[in-house]
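A quick write-up on the structure given underneath.
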Amino acid sequence: MRRKVFGRISVLAKDRVTEIVQAALTSARDQGLLSFEGVPEITIEVPRSKEHGDFSCNVAMALAREAGLPPRSIAEHVVKNIAEDGIIERTEIAGAGFINFYLKPGWLHDIVRDIDEQGAEYGRSDAGKDLRVLLEFVSANPNGPITVASARGGVIGDTLARLYELTGAAVAREYYINDAANSTQMINFGKSVVVRYLQELGKDVEMPEDGYQGDYVTQIAREIAEKDGDKWVAADEEQRLTEFTRRSEAAMIDQQREDLEEFGITFDRWFSERSLHDSGKVKETVDLLTERGYTYEQEGAVWLRSSAFGDDKDRALVRSNGQPTYIAADAAYHADKFRRGWNKLINIWGADHHGYVPRTKAAIAALGYPAEELDVIIYQTVRLFSGGELVMMSKRAGDVISLSELMREVGRDAARYFLLMRSYDSPLDFDLELAKSESEENPIYYVQYAHARIAAILRKAQEEGWSVPAAGDAHLELITEEAETDLIKKLGSWPEEVATAAFQHEPHRLAPFAIDLARLFHKFYTDCRVLGEDRLLSEARLTLVKATRTVLANLLNTMGVSAPERM
RNA sequence: GCGCCUGUAGCUCAGUGGAUUAGAGCAUCUGACUUCGGAUCAGAGGGUCGGGGGUUCGAGUCCCUCCAGGCGCGCCA
């Protein structure tokens with residue numbers, strides 16, 4: 001039987017069950033036992049409780065109305081028509097009309113062999129091979145270090161990118177730099193650096209109330225002072241501001257890039273907003289929108305008729321002073337993404353930008369691109385807690401906790417894991433004490449401990465001269481304990497988990513999956529002695545232990561978290 | 001006022017796209033190693049899934065409404 005997707009044994013088993021049900025339905029219809037049009041969509045699922053079999057099917061309920069029969073009698077017709085098959089051990093009808101399937105143990109052995117053969121590739125598929133996915137995330141203003149909030153977007157985006165890569169999609173990560181010269185925030189930032197610079201040189205100037213107070217502002221000013229001395233003290237104010245803003249921005253971008261790299265996130269491209277203005281692409285985009293009939297002038301400004309595409313109201317594209325707005329540049333940016341051949345755009349924005357989604361989609365649609373191919377993930381706020389106390393944060397006041405401080409405090413692994421583990425539409429409370437605690441309360445330690453424990457077993461096995469047979473040679477039929485089969489089933493669900501997390505855009509699912517897998521391993525470890533009296537059993541278990549390490553390592557790697565050999 | 005998000009065990013949160021008996025971690029209590037890492041495992045208690053309607057054979061899940069909280073609603077970005 002042909003594999004539909006490379007490396008998805010559990011899915012293979014599921015596909016096989018699907019085909020069997022399909023054939024049984026057709027057969028029952030041919031005998032006149034059931035009547036329905038076409039072939040219904042059959043969903044085979046892994047039941048919540050294993051008392052309901054390895055797989056279950058609700059098609060009897062789904063078909064009840066059309067067939068005009070009670071679900072249980074439909075289920076009976078289906079079960080009676082299930083042909084003899086090498087994979088199914090037995091079936092049962094349960095509940096309202098569920099058909100539960102119990103598979104022969106061989107399907108579990110296939111999972112272990114598959115993992116053994118594929119190693120680090122296990123979990124990879126070609127399910128997304130036709131996709132060209134461009135993820136845009138973080139995109140923080142270059143007026144400060146990466147904050148904890150931006151880091152959440154970073155982890156979500158980077159992990160989703162890794163997941164898409166595992167589905168065989170072409171993937172790129174982009175950071176959109178909000179470096180437009182006319183940004184009031186950036187000018188304000190530049191002014192703050194000027195003030196610190198003058199103060200460095202002993203001038204008596206005061207930081208305005210709305211200035212940026214952070215230490216990094218002083219740091220940049222000090223660097224300029226060291227390099228250029230007092231050459232800017234008496235300079236033309238406007239020229240000085242422009243120069244300082246530009247240099248400060250460049251310094252911030254460098255720092256952001258370094259922080260993100262240390263966090264395990266690298267971008268394929270840092271896309272400058274200013275470059276869109278300088279190259280004339282913003283103007284071209286506005287002109288194109290006008291040609292297409294979606295703009296009008298009012299009170300000296302040019303407006304996009306975004307309300308024609310579902311936005312609440314129309315949006316200004318060009319101010320009455322001739323300056324294009326942010327949306328004009330963003331429209332040009334998104335048009336550029338499509339022109340470069342990406343067919344799936346994913347933007348990851350903070351909750352404070354959610355109002356921006358309809359106008360961005362409107363601009364894309366007005367330009368003639370498929371707005372439905374843009375998916376904007378809005379993540380909710382991050383709150384830091386320390387000792388049960390909320391840590392207040394304000395960027396301008398300079399008391400934000402930056403990503404680099406967070407990593408110093410709790411480490412990269414805990415930071416990534418904690419920022420990933422909640423669904424992005426839930427607010428995230430980050431407990432600093434928990435993240436750095438080395439105990440079972442800390443989920444990241446729990447998971448990494450499982451990996452280290454496996455490494456310890458394999459080390460010991462090697463020291464004692466045990467051989468770990470290839471899965472094809474191991475006596476996997478000796479693996480019969482419940483803790484063992486539960487573990488294997490979880491291992492087998494990894495490829496499907498990857499595809500689901502990728503295509504549903506739910507990278508946070510990896511966190512509970514990791515906990516589950518670690519728990520199942522710890523349970524197995526407690527119940528089943530690996531290096532024991534029975535050599536064949538021990539070898540079979542070593543093979544299983546190794547397979548578990550493979551999946552755990554692949555999983556941790558997908559989360560951007562290290563898989564330690566020792567802790 | 002309008003829009004988006006959230007409301008599930010004492011706490012923090014999952015919930016496989018409507019389905020068999022609502023789950024996990026932590027916290028609390030009770031247990032488990034003379035052998036592979038106890039940074040572990042097992043068991044127990046704990047729920048009107050924010051309230052109320054509706055659709056359905058079946059709703060934590062879909063629709064309506066109300067309540068509470070967060071975030072937005074600019075010729076800022």
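Letters go in sequence order (proteins before strands), and every chain restarts at 1. This structure is a prediction, so every number in the text was calculated from the model and none was measured.
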Checklist line | Euclidean distance, atom CG of residue A:Leu458 to atom P of B:G37 [Å, nearest integer] | finding: 11 Å
Notebook entry, point to check: Given pairs defined as Watson-Crick or G-U wobble with both distances under 3.5 Å, what dot-bracket annotation applies to RNA chain B, with ( ) intrastrand, [ ] crossing, | other strand and . unpaired?
Noted result: (((((((..((((.........)))).(((((.......))))).....(((((.......))))))))))))....
Checklist line | B:G54 and B:A68, which share atom name C1', separated by this distance in whole Å | finding: 23 Å
Notebook entry, point to check: Phosphate oxygens OP1/OP2 of B:G25: is one of them under 4.0 Å from a side-chain N or O of A:Arg519?
Noted result: yes
Next item on the list: For B:U30 and B:C11, measure between their P atoms and round to the nearest Å.
Entry: 23 Å
Next item on the list: Kindly say if A:Tyr446 contacts the phosphate of B:C41, meaning a side-chain N or O under 4.0 Å from OP1 or OP2.
Entry: yes
Listed pairs, N/O of protein and of nucleotides 7-10 of chain B, under 3.5 Å:
none

Note to self: Between A:Glu463 and A:Arg459 (salt bridge meaning N to carboxylate O under 4.0 Å), is one present in this structure?
What the structure shows: no
Margin query: Is it the case that the ring center of A:Phe418 lies less than 6.0 angstrom away from the ring center of A:Phe430?
Written below: yes
Check: So what does A:Ala452 touch, heavy atoms closer than 4.0 Å: a base, only the sugar-phosphate, or nothing?
Finding: base
Check: P atom, B:U65 versus B:U48: distance in rounded Å?
Finding: 27 Å
Notebook entry, point to check: A:Asp311 CG to B:C2 C1': how many Å, rounded?
Noted result: 13 Å
Item checked: Most 5' of A:Pro427 and A:Glu506 on RNA chain B, judged by nearest nucleotide -> A:Pro427
Item checked: Gap in Å between the two P atoms, one belonging to B:U16 and one to B:U55, rounded -> 24 Å
Item checked: Separation of B:C57 C1' from A:Asn58 CG (nearest whole Å) -> 13 Å
Margin query: Give me the distance, rounded to whole Å, that separates B:G7 from B:G50 when you measure between the P atoms they each carry.
Written below: 7 Å
Notebook entry, point to check: A:Asn143 CG to B:C76 C1': how many Å, rounded?
Noted result: 13 Å
List, with names and distances, any nitrogen or oxygen atoms from the protein found under 3.5 Å away from nitrogen or oxygen atoms belonging to nucleotides 71-75 of chain B.
{"from": "B:C71", "atom 1": "O2'", "to": "A:Ala351", "atom 2": "O", "distance (Å)": "3.0"}
{"from": "B:C71", "atom 1": "O2'", "to": "A:Asp352", "atom 2": "N", "distance (Å)": "3.4"}
{"from": "B:C71", "atom 1": "O2", "to": "A:His354", "atom 2": "NE2", "distance (Å)": "2.8"}
{"from": "B:C73", "atom 1": "O2'", "to": "A:Lys313", "atom 2": "NZ", "distance (Å)": "3.4"}
{"from": "B:G74", "atom 1": "OP2", "to": "A:Lys313", "atom 2": "NZ", "distance (Å)": "3.2"}
{"from": "B:C75", "atom 1": "O3'", "to": "A:Arg319", "atom 2": "NE", "distance (Å)": "3.2"}
{"from": "B:C75", "atom 1": "O2", "to": "A:Ser320", "atom 2": "N", "distance (Å)": "2.8"}
{"from": "B:C75", "atom 1": "O2", "to": "A:Ser320", "atom 2": "OG", "distance (Å)": "3.1"}
{"from": "B:C75", "atom 1": "N3", "to": "A:Ser320", "atom 2": "OG", "distance (Å)": "3.0"}
{"from": "B:C75", "atom 1": "N4", "to": "A:Glu299", "atom 2": "O", "distance (Å)": "2.8"}

Notebook entry, point to check: Taking CD1 from A:Ile377 and C1' from B:C5, how many angstroms apart are they, rounded to a whole number?
Noted result: 14 Å
Next item on the list: Classify the side-chain pair A:Asp413/A:Gln448 by whether it contains a donor and acceptor separated by less than 3.5 Å.
Entry: yes
Next item on the list: Pick the C1' atom in B:U6 and in B:U12, then give their distance to the nearest Å.
Entry: 14 Å
Checklist line | P atoms of B:G47 and B:G15, separation to the nearest Å | finding: 23 Å
